[in-house]
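As structure tokens, the structure follows; a few thoughts come after it.
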Amino acid sequence: MATMAELFEEAFVADEYIERLVWRTPGGGSRGGPEAFDPKRLLEEFQQCQKEAKEFAKKVQELQKSNQIKEAADIIQKLHLIAQELPFDRFSEVKSKIAKCQLIQEFTTAQRRGEISRMREVAAVLLHFKGYSLCVDVYTKQCKVGAYLRNDIFEDAAILCQRVNKRVGDIFSNPEIVPAKLIQNLIKSIFISYLENYVEVETRYLKSRSAMILQCYYDSKNHQKRSIGTGGIQDLKERIRQHTNLPLGPTFERCHRLSDPSDLPGNHIDYALETGLAGIPSSDSRNANLYFLDVVQQANTIFHLFDKQFNDHLMPLISSSPKLSECLQKKKGIIEQMEMKLDTGIDRTLNCMIGQMKHILAAEQKKTDFKPEDENNVLIQYTNACVKVCAYVRKQVEKIKNSMDGKNVDTVLMELGVRFHRLIYEHLQQYSYSYMGGMLAICDVAEYRKCAKDFKIPMVLHLFDTLHALCNLLVVAPDDLKQVCSGEQLANLDKNILHSFVQLCADYRSARLARHFN
């Protein structure tokens, strides 16, 4: 009897194969005579043979494909290792194509046909490649097709998850990641219609909410918001000038009450500053209430809150985002815009303070203060004008310190101190001084100097030290004048300044003091 190997080595002859098949089939040959011949049985045998041939061909094809998959896996593995050495920027597309190889398409086709074993085979090959995650993505995406047929998306999602969970163990070696991926993609699908325009919706809500809160506050104060840059502000300014004691102070307290810290600069501070600027009286107003420093104080508080909100909550979200530069630029723009308006308001406020001091000096200072009728009967230590000006200045210095912080306090006090010194300097040059009047002027300047000490600004104190030394020229003996002018505090001053003070002496002509400056 021939072995199987020998049979396969022999040449295949179709006629001999048919003869053997007919002989083996009952009723298929001549055995039993013509009556025993059954053509139907013979047809069935041939049909069975045809079916077996098709199955055999299919198995051969599957075997060939399996070998192809293994060969493809080997190639992909080598390509994958080579790709790791390539620069990403130049070869990103190549790397992507390696990951999205033809095996993914094989998996997709098998899933559509319901070929579980084929899917398992491809998934096993892709397990050690980046393409494996794509395989999971393709599977979950295909599972969702036609899954949502009811009105209740949550019930559909539960049914889908149960169905997938039963199958994944037969396909993937680590099936637990598939339901997790499926649920994640379900969430995206459910909320995609909301997430697409979420930022716009949220922005509209915040704006409308902020506007509503502001309007409620304005209504509670019986305040009608006026458009910035139109006649409304001019009307408001005119009303303020007509009614000097209009109680605007409480209005500015809204700065820290109205909306989220991140919204405050754009939503309200700008309007508050514009209204505050409009409310600053002119420098020639008398007994004016300076509410702008209250605005500065609350704007400063809001700036700190805004900065903290920006750094604590926004920066962690955008620190590695392309939006970082844009956000920092917007923040810088908001701060610069507000600081510019604050600077303008502070400058006007300081002018108004100096204006108030001028009114006090004009109303309280008398010519006879520095040229008394009775030189032997001067009982006061300093003039009434000096007392009132110093009281006013100390009050304003305290306000400035409470309204600002850090270097801003020093900057504003420096500016106020310089203007205060200039005012007193020019004021003193309007009078003629007797000896006792000169002594009283020295006492006044000493008091102004004490007031300047409260500023705690060395330059301001130096200015008043020099002014005090200049006032000494009003009482010095003519013979000592040249020596005093060359003293430490006056030596560096222009001779014209020294001369201008000496000219204020009542005996300037009679004592021929001009000769000391020729």
Side-chain angles (χ1 to χ4, degrees), residues 350 353-354 357-358 360-362 364-372 375 378 380-387 389-390 393-394 397 410-411 413-518:
L350 294 182
M353 288 179 182
I354 298 301
M357 294 182 216
K358 282 183 179 179
I360 295 172
L361 291 171
E364 301 295 333
Q365 198 82 73
K366 304 292 189 295
K367 286 187 178 183
T368 54
D369 287 341
F370 302 119
K371 201 173 181 181
E375 287 280 312
V378 178
I380 58 174
Q381 293 182 338
Y382 26 74
T383 67
N384 195 46
C386 174
V387 173
V389 166
C390 286
V393 170
R394 287 190 175 99
V397 168
D410 292 344
T411 302
L413 287 178
M414 165 82 83
E415 186 61 29
L416 177 61
V418 170
R419 298 186 192 189
F420 175 37
H421 168 267
R422 183 182 299 276
L423 172 67
I424 300 302
Y425 179 91
E426 293 175 353
H427 172 72
L428 291 174
Q429 291 198 319
Q430 299 177 45
Y431 300 93
S432 177
Y433 299 85
S434 65
Y435 178 81
M436 288 305 298
M439 293 297 292
L440 195 56
I442 291 173
C443 292
D444 275 4
V445 173
E447 195 63 22
Y448 292 135
R449 183 178 172 279
K450 282 184 187 177
C451 191
K453 259 190 174 181
D454 295 340
F455 286 54
K456 296 184 179 177
I457 306 294
M459 180 180 173
V460 174
L461 186 60
H462 173 71
L463 289 173
F464 278 93
D465 282 340
T466 304
L467 182 59
H468 188 268
L470 283 170
C471 287
N472 284 330
L473 297 177
L474 301 175
V475 297
V476 70
D479 294 340
D480 298 330
L481 189 59
K482 198 167 186 178
Q483 181 182 352
V484 174
C485 287
S486 59
E488 181 181 350
Q489 290 183 310
L490 301 178
N492 294 325
L493 292 182
D494 188 279
K495 280 188 176 183
N496 292 327
I497 294 176
L498 301 175
H499 193 186
S500 67
F501 258 81
V502 173
Q503 285 178 315
L504 302 177
C505 295
D507 61 348
Y508 173 75
R509 292 184 182 279
S510 61
R512 298 172 58 209
L513 298 179
R515 59 192 169 88
H516 296 286
F517 297 94
N518 294 331

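None of these values were measured; they are calculated from a predicted model.
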Worksheet item: Looking only at heavy atoms, what is the nearest atom pair of S434 and P372, with distance?
Response: OG-CD, 3.5 Å

Determine all donor-acceptor pairs shorter than 3.5 Å in which one atom belongs to a side chain in residues 448-462; sequence neighbours excluded.
unit_1 : atom_1 : unit_2 : atom_2 : d
R449   : NE     : D465   : OD1    : 2.2
R449   : NH2    : D465   : OD1    : 3.1
D454   : OD2    : R394   : NE     : 3.1

Worksheet item: Once you round to the nearest 0.5 Å, how far does CG of L481 lie from CZ of R515?
Response: 9.0 Å

Fill in: S432 to A506 - nearest heavy-atom pair and separation
OG-CA, 3.7 Å

Discussion item. I'd like to check Y435 versus D507 (side-chain heavy atoms, cut-off strictly below 4.5 Å). Are they in contact?
Written reply: no

Name every donor-acceptor pair, under 3.5 Å, that has one atom in a side chain of residues 491-504 and the other anywhere in the protein, sequence neighbours excluded.
unit_1 : atom_1 : unit_2 : atom_2 : d
D494   : OD1    : N496   : N      : 2.7
D494   : OD1    : N496   : ND2    : 3.3
H499   : NE2    : Y508   : OH     : 2.6
S500   : OG     : Q429   : NE2    : 3.3
S500   : OG     : N496   : O      : 3.4
S500   : OG     : I497   : O      : 2.6

Item to complete: Drop me the distance from Q430's CD to L361's CG, to the nearest 0.5 angstrom.
Response: 8.5 Å

Worksheet item: How long is the span from the CZ atom in R419 to the CE atom in M353, to the nearest 0.5 Å?
Response: 10.0 Å

Discussion item. With rounding to the nearest 0.5 angstrom, report the CG to SG distance, N472 to C485.
Written reply: 11.0 Å

Discussion item. What's the separation between atom CD1 in I424 and atom CG in L463, rounded to the nearest 0.5 Å?
Written reply: 12.5 Å

Worksheet item: Between V475 and G438, which heavy-atom pair has the shortest distance, and what is it?
Response: CG1-C, 3.6 Å

Item to complete: Would you check, one step at a time, whether the test side-chain contact (heavy atoms from CB on, under 4.5 Å) holds for L490 with V484?
Response: CA-CA 8 Å; L490 301 178; V484 174; 4.3 Å; yes

Worksheet entry | side-chain contact (heavy atoms from CB on, under 4.5 Å) evaluation trace for M357 with V393 | CA-CA 8 Å; M357 294 182 216; V393 170; 3.6 Å; yes

Worksheet item: Is the closest side-chain heavy-atom distance between T383 and L440 below 4.5 Å?
Response: yes

Worksheet item: Which pair of heavy atoms, one from L428 and one from Y433, lies closest together, and at what distance?
Response: O-OH, 2.5 Å

Practice prompt. Scan K366, Q365, K371 and name whichever one has a side chain to side chain donor-acceptor pair (under 3.5 Å) with D369.
Written response: Q365

Worksheet, complete the sentence: Nearest heavy-atom contact between E415 and L350 is CG-CD1, 3.6 Å

Worksheet item: How many angstroms lie between NE2 in H468 and CG in D444, if you round to the nearest 0.5 Å?
Response: 10.5 Å

